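One-based numbering along the sequence shown. Predicted model, so just to flag it, every value in this text is computed and none were measured.
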Amino acid sequence: MGSDREESPQHWEWLPCACFLSLPVTFMITYLWAVMTHKVEPNFPYISSTGTHPPESCVFGQLLNISALLLGCLVWVRHELIEDYCCQRDTHKSLPWWNNLSSGFGYTGAIGVSLIGNFQANKFSSIHLLGAFLAFGVGNLYIWME
């Protein structure tokens, strides 16, 4: 017989698509807003430059917070899938440990996305760069481990 997880599926299949779409939509909204208000030139500004001045910075931060939450949920779902896989099959004993480690990297990357959005590059550059390192550097470690 199956476990409780098999009897009550969660239906999280929309989550990867939501994560995939949330970041480009965020960048496009703040880019268009910043260009329309003449705060950046329309010829390929840095993404962080489009979310530097209010009110774009508020929208940029909030939308990246939502993206970070979605990414954190995606990491959690993936963690649970692998944990369930380990419970149902005879896997290598280190797989749960690696699963926990990679999930920690994933959550750290998601926090980095939130830091990028909430600390503007022109005012809090050290925290903004820390967030970029967490999002891109540690986030890449998560992707490689998965």
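Side-chain atoms of Asn99 never come within 3.5 Å of backbone atoms of Ile82 as a donor-acceptor pair (strictly under, hydrogens ignored). No donor-acceptor pair closer than 3.5 Å links the side chain of Lys39 to the backbone N or O of Glu56. Panel note: side chain Thr52, backbone Ser48; a donor-acceptor pair is recorded below 3.5 Å. A side-chain donor-acceptor contact under 3.5 Å links Tyr31 to the backbone of Pro42.
Put simply, OG on Ser94 and CG on Leu101 are 11.0 Å apart, with the number rounded to the nearest 0.5 Å. A distance of 12.5 Å separates NZ of Lys123 from NE2 of His128, quoted to the nearest 0.5 Å. Interatomic distance, Leu81 CG to Tyr85 OH, rounded to the nearest 0.5 Å: 12.0 Å. The line from CG of Leu141 to CG of Leu134 is 10.5 Å long, rounded to the nearest 0.5 Å.
Note on ring orientation: taking the six-membered ring where Trp is involved, the planes of Trp76 and Trp12 are perpendicular (angle over 60°, cut-offs 30° and 60°).
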Working for side-chain hydrogen bond (donor to acceptor under 3.5 Å, both in side chains), residues Glu146 and Ser102 | CA-CA 7 Å; Glu146 289 301 309; Ser102 70; 2.9 Å; yes

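Between Tyr142 and Phe105, the distance separating the two ring centers is not shorter than 6.0 angstrom.
Between Ile116 and Ile47 the shortest side-chain heavy-atom distance does not fall below 4.5 Å.
In this structure, the side chain to side chain donor-acceptor pair (under 3.5 Å) partners of Ser67, at least two apart in sequence or on a different chain, are Ser22. Residues satisfying the ring pair (Phe, Tyr, Trp, His ring centres under 6.0 Å) criterion with Tyr107, sequence neighbours excluded, are absent altogether. Annotation: side chain to side chain donor-acceptor pair (under 3.5 Å) contacts of Ser57 (sequence neighbours excluded): none.
Remark: of the listed residues Ile127, Val113, Asn65, Asn65 is the sole one forming a side chain to side chain contact (heavy atoms under 4.5 Å, CB included) with Asn118.
Surrounding CG of Asp90 are at most 12 heavy atoms belonging to other residues, nucleotides or ligands under 6.0 Å away.
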